[in-house]
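Have a look at the structure below, then the notes.
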Amino acid sequence: MTRPMPLSGFPEWLPAQRVAEQQVLDRLRRTFELYGFASLETRAVEPLDQLLRKGETSKEVYTLRRLQAAEGDEELALGLHFDLTVPFARYVLENAGKLQFPFRRYQIQKVWRGEKPQAGRYREFLQADIDIVDRDTLPPHYEAEIPLVIGDALRSLPIPPVKIMVNNRKLCEGFYRGLGLDEPEEILRIVDKLDKIGPNAVAELIEKAGGTAVQAQACLALAGIRAGDASFADAVRALGVEHPLLDEGIAELAAVVETAREHSPGLVEATLKIARGLDYYTGTVYETELVGYEQYGSICSGGRYDNLASAGKDVFPGVGISIGVSRLLGLLFDAGELAVSRPTPTAVLVALWSEEERATSNRIAAELRARGIATEVAPVPAKLGKQIRHAERRGIPFVWFPASASAEGGDQVKDIRSGDQVPAVSGEWNPPAEDMAPRLQ
């Protein structure tokens with residue numbers, strides 16, 4: 001086999017990074033469940049027409065087909081899901097009669113997007129989503145709850161602080177309609193490119209879409225408003241635009257910002273340039289930046305959707321947000337800002353005096369494992385110094401010395417970091433709680 005070439009955009013973590021990833025996921029799950037979210041997993045593929053019906057995603061979807069499909073076979077066109085919201089909406093419609101509403105779910109799965117790989121952006125990556133859906137109507141207070149969950153989840157990790165930026169598409173659409181712009185969704189897509197192409201290019205695109213120079217400048221003025229409390233409403237009103245949908249959006253966004261300010265001051269900011277590119281969002285939208293990594297864009301995003309999960313008269317509006325777990329981890333790993341205390345779950349290495357005494361070492365290891373202590377037996381009966389160096393290279397903090405059949409005295413256990421060595425009994429000894437498992441740091 002020739003030396004394999006790495007595939008860009010498909011991250012494969014080293015063992016220590018994988019340990020860190022699992023610890024991050026455990027903390028996310030714990031927080032999600034504290035808020036009452038139940039776990040789901042959906043299939044990796046969806047019908048292609050469903051994946052492409054909402055938003056500008058056609059260039060990012062990986063299609064799926066058999067390499068050796070028989071001539072004349074007519075198979076349903078399938079694609080790998082590019083997010084977890086579209087498959088979740090389909091799941092709700094299929095299982096509505098079996099679910100209790102409002103339904104709260106979290107989902108941690110791989111997704112695939114045909115993006116150009118770059119720092120923090122991958123073609124295959126792990127997402128962690130939460131969503132709340134209800135039948136017919138969904139009260140807006142759930143839009144205020146979502147940032148609180150994410151704030152608590154991310155604060156449980158030893159990472160830089162985050163800023164959740166929020167906006168409301170009703171506010172934006174009402175403002176654009178109040179200006180006299182007839183294609184508010186097109187304007188939203190244009191404004192969503194503001195950070196990428198700059199204000200001058202955005203103004204030009206708005207004018208090409210049928211707006212005047214004055215209207216374009218008003219749109220940019222709205223996008224420039226930011227506030228950590230409900231004072232953003234005064235800045236919007238000062239622009240002199242009126243529309244009923246604008247009023248509704250301001251009220252909903254103010255509730256989100258003020259609820260978050262009471263729960264976690266500084267967590268949420270009304271940022272009126274946030275639009276989100278997917279068309280299925282209808283109310284509050286969220287984007288989250290990691291402080292110090294703002295140049296890499298959002299690591300967590302989502303919003304309110306009213307029509308994504310609908311079939312005939314059955315409508316299930318929802319609100320959700322997604323953490324780009326692989327994106328977050330990749331940025332932190334590259335910066336050396338996230339690690340674990342050791343790269344292996346093993347807490348104890350049981351030394352091996354000889355192959356004839358392997359059964360004794362195996363018995364000690366089994367007794368320790370039975371009490372929840374991760375344990376290995378030394379691979380070979382090498383000199384004691386080599387066995388200790390093996391533990392050091394593996395990051396194992398303790399070495400257990402069984403009582404040798406050729407010497408007096410009982411078992412001993414040594415903390416190879418400090419050099420402390422004490423008598424021990426495998427049915428009673430425990431490592432310090434902080435050494436039971438690797439710790440995020």
Smallest separation among heavy atoms of Pro117 and Ser8, with atom names: CB-OG, 3.2 Å
Ser39 side, atom OG; Gln109 side, atom CD - distance, nearest 0.5 Å: 8.5 Å
Closest approach of Ile159 to Leu290 (non-hydrogen atoms, all atoms of both residues): CD1-CD1, 4.2 Å
Polar contact flag, side-chain donor to acceptor under 3.5 angstrom, Tyr293-Glu337: yes
Check: Ile299 and Leu331 side chains under 4.5 Å, non-hydrogen atoms: yes
More than 12 heavy atoms from other groups under 6.0 Å of CD on Gln100: no
CG-CG distance between Leu78 and Leu51, expressed to the nearest 0.5 angstrom: 9.0 Å
Side-chain heavy atoms of Phe398 within contact of Arg417, under 4.5 Å: yes
Arg226/Leu272 under side chain to side chain contact (heavy atoms under 4.5 Å, CB included): CA gap, chis, key distance, verdict: CA-CA 6 Å; Arg226 307 179 70 149; Leu272 304 194; over 6 Å; no
Side-chain touch Pro147/Tyr286, heavy atoms, less than 4.5 angstrom: yes
Side-chain donor-acceptor contact under 3.5 Å, Glu143 with Thr284: yes
Results of side-chain contact (heavy atoms from CB on, under 4.5 Å) for Thr375 - residues two or more places apart only: Val348, Val350, Ala365, Leu368, Arg369, Ile373
Gap separating the CD atom of Gln107 from the CG atom of Leu84, nearest 0.5 angstrom: 4.5 Å
Side chain Ser326, main chain Phe125, donor-acceptor under 3.5 Å: no
Nearest-0.5 Å distance, OG of residue Ser156 to CG of residue Leu34: 9.5 Å
Leu205 side, atom CG; Cys219 side, atom SG - distance, nearest 0.5 Å: 12.0 Å
From CA spacing to verdict: side chain to side chain contact (heavy atoms under 4.5 Å, CB included), Gln387, Val399: CA-CA 9 Å; Gln387 295 190 52; Val399 175; 5.8 Å; no
Lys208/Glu186 ion pair, N-O < 4.0 Å: no
Pair Ser426, Arg371: side-chain N/O donor-acceptor within cut-off below 3.5 Å: no
Side chains of Asn168 and Tyr281, donor plus acceptor under 3.5 Å: no
Side-chain heavy-atom pair Tyr280, Asp306 within 4.5 angstrom cut-off: no
Side chain to side chain contact (heavy atoms under 4.5 Å, CB included) evaluation trace for Leu138 with Ile132: CA-CA 9 Å; Leu138 181 75; Ile132 304 172; 4.2 Å; yes
Basic-acidic side-chain contact under 4.0 Å: Asp192, Arg189: no
Side chain to side chain contact (heavy atoms under 4.5 Å, CB included) partner of Val257, chosen from Leu267, Ile164, Val166: Val166
Side chains of Leu194 and Pro199 in contact at under 4.5 Å (non-hydrogen atoms): yes
Glu392 bridged to Arg389 by N-O distance under 4.0 Å: no
Heavy atoms of other groups near Glu262 CD, more than 12 under 6.0 Å: no
Nearest non-hydrogen partners of Ile197 and Ala201, listed with the distance: O-CB, 3.4 Å
Under 3.5 Å: donor-acceptor pair, side chain of Arg342, backbone of Thr344: yes
Donor-acceptor contact below 3.5 Å, side chain His81 vs main chain Arg43: yes
Beyond-backbone contact of Pro158 with Leu338, side-chain heavy atoms, under 4.5 angstrom: yes
Ring geometry between Phe10 and Tyr62 (parallel below 30°, tilted from 30 to 60°, perpendicular above 60°): tilted
Under 3.5 Å: donor-acceptor pair, side chain of Thr259, backbone of Val256: no
Inter-residue atom distance Ile274.CD1 - Leu188.CG, 0.5 Å rounding: 12.0 Å
Ring pair (Phe, Tyr, Trp, His ring centres under 6.0 Å) partner of Phe316, the single match among Phe88, Phe101, Tyr91, Tyr305: Phe101
Member of Ile364, Val413, Leu384 meeting the side chain to side chain contact (heavy atoms under 4.5 Å, CB included) criterion with Phe401: Leu384
Heavy atoms of other groups near Glu248 CD, more than 12 under 6.0 Å: yes
Least distance between heavy atoms, Pro87 atom then Thr42 atom: CB-OG1, 3.7 Å
Residues Asp131, Arg105: salt bridge by 4.0 Å N-O rule: yes
Residue Glu434 excluded, over 12 heavy atoms near CD under 6.0 Å: yes
Exam field: side chain His263 to backbone Glu258, donor-acceptor pair closer than 3.5 Å: no
Min side-chain heavy-atom separation Val325-Gln127 under 4.5 Å: no
Lys414/Asp420 ion pair, N-O < 4.0 Å: no
Chi angles and distances behind the salt bridge (Lys or Arg N to Asp or Glu O under 4.0 Å) call for Asp152, Arg27: CA-CA 10 Å; Asp152 286 356; Arg27 296 195 189 186; over 6 Å; no
Ion pair check, Glu173 and Arg177, cut-off under 4.0 Å: yes
Side chains of Arg18 and Pro343 in contact at under 4.5 Å (non-hydrogen atoms): no
Nearest heavy atoms of Ala254 and Ala230, plus distance in Å: CB-CB, 4.1 Å
Lys/Arg cation over aromatic Phe82: Arg113, 6.0 Å, 45° cone: no
Short side-chain donor-acceptor distance under 3.5 Å, Thr346 and Glu376: yes
Verdict with reasoning, Glu46 to Arg90, per salt bridge (Lys or Arg N to Asp or Glu O under 4.0 Å): CA-CA 9 Å; Glu46 296 293 333; Arg90 185 266 310 160; 2.8 Å; yes
Electrostatic pair Glu252-Lys170, nearest N-O below 4.0 angstrom: yes
Check against side chain to side chain contact (heavy atoms under 4.5 Å, CB included), Ile321 and Asp129: CA-CA 6 Å; Ile321 197 167; Asp129 282 29; over 6 Å; no
Considering all heavy atoms, the nearest Ile250-Ala233 contact: CG2-CB, 3.6 Å
Any donor-acceptor N or O pair under 3.5 Å, side chains Tyr106, Glu33: yes
